Colleague: 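Please see the structure below; I have some questions.
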Amino acid sequence: MFSQFLQLFLAGVAQGCVYALVALGFVLIYKATETVNFAQGDLMMLGAFFGLTASAILGWPYWAAILFAIVVMAVVGMLIERIVIRPVLGYPTFTVVMITIGVGYILRGVVTMVPGWGTETYSLKTPFGDAVLRFGGAVLAMEQLATIALTAALCLVLYLFFRFAKLGVAMQATSQNQLAAYYMGIPVQRVNMLIWGLAAAVAAFGGILLAPVAFVHSNMGFIGLKAFPAAVVGGFGSVPGAVVGGLIIGVVEALAGFYLPEGFKDIAAYVVVLVVLLFMPSGIFGETARKKV
Amino acid sequence: MTIPILQLANVESNYGPVQALRGVSLSVAEGQIVTVLGANGAGKTTTLKTISGIIAPLKGQVKFRGADIQGHSPDTIVRAGIVHVPEGREVFPLLSVEDNLRMGAFIRRDADGVAKDLEAVFGYFPILRERAKQEAGQLSGGQQQMLAIARALLARPALILMDEPSLGLSPKLTKEIFDIVVRINRERGVTILLVEQNAHMALKIADFGYVLEVGRIVMEDTGAKLAEKDDIKEFYLGMKAAGTRGARRWKKKKLWR
Ligand SMILES: Nc1ncnc2c1ncn2[C@@H]1O[C@H](COP(=O)(O)OP(=O)(O)O)[C@@H](O)[C@H]1O
Ligand SMILES: [Mg+2]
């Protein structure tokens with residue numbers, strides 16, 4: 001009974017890690033440019049395809065494939081900012097949002113046209129295989145444990161980066177007061193471009209972690225529809241909030257899928273959003289109350 | 001005579017259809033404190049924004065140490081040695097005081113020099129050392145103004161543009177801050193272009209002053225002489241000249257505002 005719960009919980013946390021990583025991308029970009037990037041899920045999908053290519057097609061080791069996907073996606077993110085986002089800055093938010101939706105569509109379309117990718121479904125091999133860890137009566141998949149450990153490691157790296165690195169602090173500064181950043185000689189546009197790169201790289205990491213569980217497919221980016229609520233639950237605009245929100249939704253979903261009637265799993269994310277927003281209108285880590293006037 | 005550190009020649013700047021500067025010419029000699037006085041809406045802030053590259057002028061030149069800088073990006077201009085302390089402080093509210101100061105030094109690579117300047121700045125504003133770990137948004141208005149000036153100093157500028165540092169501060173705090181501005185000018189040799197509505201304080205510390213009215217310079221002289229002029233006394237220093245009739249005063253005042 002308890003071991004079953006533990007297994008479900010762990011699966012939920014692992015799935016939640018992926019939501020968290022995609023949600024993190026939403027938040028980073030939102031804080032920097034006040035734009036919701038609806039292509040975030042598709043960036044994750046594209047990252048997974050690059051990881052797949054390096055690992056399954058080129059035969060690179062798992063870790064090299066991760067690194068490859070992250071680097072390529074960072075460049076893709078920066079190019080998207082430079083080519084389609086920067087020219088429409090200052091236009092109504094609606095315009096920018098439409099453009100990100102368009103970018104998502106294009107990425108999905110392009111992936112199906114690439115020879116070797118197409119509309120097939122692939123699975124990405126990890127070094128963990130089917131290994132399990134027995135804990136009490138519970139059987140815990142190594143893959144899930146690895147997903148959790150890797151996400152935690154990435155979060156730690158990001159925390160240290162934002163807290164201590166000059167560029168990380170400058171990214172925070174730019175999203176808090178863009179005009180002041182200009183006054184300090186921070187190259188704001190370049191910083192925003194780097195944030196898009198970072199968001200895409202984090203999404204790629206999520207895609208690779210998701211790949212062994214959910215298979216690589218051109219439509220896997222629709223997971224963004226669950227990561228978005230995760231960002232909202234955390235208080236859109238809060239980095240730790242995105243992580244916590246992702247984990248909550250992952251766990252609730254996993255438990256709902258087992259203990260509640262069929263169908264609840266799919267709406268669990270939105271039920272969580274409704275409940276949380278009812279009691280905390282600006283999300284768990286909402287900053288609106290503390291923002292300057 | 002040496003070339004001025006900063007020179008504006010017939011600068012015109014606009015916000016869309018609104019022309020805010022209609023040909024501003026002024027020059028700032030190295031090592032001095034120069035003030036630009038003017039009523040609300042005269043174009044003082046726009047002048048500073050045009051110098052620091054936030055706004056590109058429609059026409060005219062901005063020369064820094066003899067080289068054209070008009071229309072250059074703000075980060076190029078900070079690197080060249082001009083830092084703007086904006087109206088309303090504009091600190092990074094959720095960053096600590098210390099991180100705000102670090103951002104002032106964003107363009108610098110000399111960690112040792114930055115550490116030294118940080119000490120120097122804490123010397124001018126001891127309260128900032130006490131509050132180093134606090135979020136800047138939690139500081140009082142006066143402390144935020146000190147932070148904004150300190151942050152600018154960390155870029156190690158040759159010229160600081162200061163936009164109404166006295167705004168919203170008590171006379172006592174204003175005096176405190178102006179005293180430090182003078183010290184910074186004397187001790188660190190930083191040239192200061194100070195924009196103010198508080199003419200009284202500004203003229204006291206300025207070597208030279210300009211009066212800006214609806215986007216044009218209408219008067220210029222040494223600080224001491226400007227303080228003696230009747231118009232300045234009347235409209236900026238609030239001293240009513242004997243015998244001036246109310247109606248005339250009102251009419252003139254309207255022109256200034
Ligand atoms: N962002 C803006 N958009 C449109 N007009 C502006 C803007 N900022 C200032 N102005 C106009 O430009 C003129 C000069 O403004 P400003 O330079 O801020 O004056 P000051 O700093 O002397 O009070 C004013 O008429 C003001 O209304
Ligand atoms: Mg102003």
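Letters A, B, ... mirror the listed sequences (proteins, then strands); counts begin at 1. Because the structure is a prediction, the values reported are computed rather than measured.
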Colleague: Evaluate the side-chain proximity of A:Met184 to B:Glu90: yes if any heavy-atom separation is below 4.5 Å, no if none is.
Modeller: no

Colleague: Would you find more than 12 non-hydrogen atoms of other residues, nucleotides or ligands less than 6.0 Å from A:Arg82 atom CZ?
Modeller: no

Colleague: For B:Pro93, is there any backbone N or O sitting under 3.5 Å from a side-chain donor or acceptor partner on A:Asn177?
Modeller: no

Colleague: For chain A, which of B:Asp99, B:Asn100, B:Val83, B:Leu161 has the most heavy-atom pairs under 4.5 Å?
Modeller: B:Asp99

Colleague: For A:Gln176 and B:Leu94, indicate whether the former's side chain and the latter's backbone hold a donor-acceptor pair under 3.5 Å.
Modeller: yes

Colleague: Does atom OH of B:Tyr15 have more than 12 heavy-atom neighbours from other groups under 6.0 Å away?
Modeller: yes

Colleague: Sort by residue number and list every member of residues 142-157 of chain B having a non-hydrogen atom under 4.5 Å from chain A.
Modeller: B:Arg151

Colleague: State, to 0.1 Å, how close B:Phe92 and A:Ala180 come at their nearest heavy-atom pair, and which atoms those are.
Modeller: CE2-CB, 3.6 Å

Colleague: Between B:Ile54 and chain A, with a heavy-atom cut-off of 4.5 Å, which part of the residue counts as in contact: side chain, backbone, both or neither?
Modeller: side chain

Colleague: Which bit of A:Phe162 is near chain B, if near means a heavy-atom gap under 4.5 Å: side chain, backbone, both or neither?
Modeller: neither

Colleague: A:Tyr183 and B:Pro86: which non-hydrogen atoms are nearest, and at how many Å?
Modeller: CE1-CB, 3.5 Å

Colleague: Please give me the minimum heavy-atom distance between B:Leu95 and A:Ala173, naming the atom from each residue.
Modeller: CD1-CB, 3.8 Å

Colleague: Which heavy-atom pair separates A:Gly185 from B:Phe106 by the least distance, and what is that distance?
Modeller: O-CD2, 3.9 Å

Colleague: Surrounding CZ of A:Arg190 (heavy atoms of other residues, nucleotides or ligands, distance under 6.0 Å), is the total greater than 12?
Modeller: no

Colleague: Can you find a heavy atom in the side chain of B:Met103 that is under 4.5 Å from one in the side chain of A:Val169?
Modeller: yes

Colleague: Return yes when atom OH of A:Tyr91 has more than 12 non-hydrogen atoms of other residues, nucleotides or ligands closer than 6.0 Å, and no otherwise.
Modeller: no

Colleague: Between A:Arg163 and chain B, which part of the residue has a heavy atom less than 4.5 Å away: side chain, backbone, both or neither?
Modeller: both

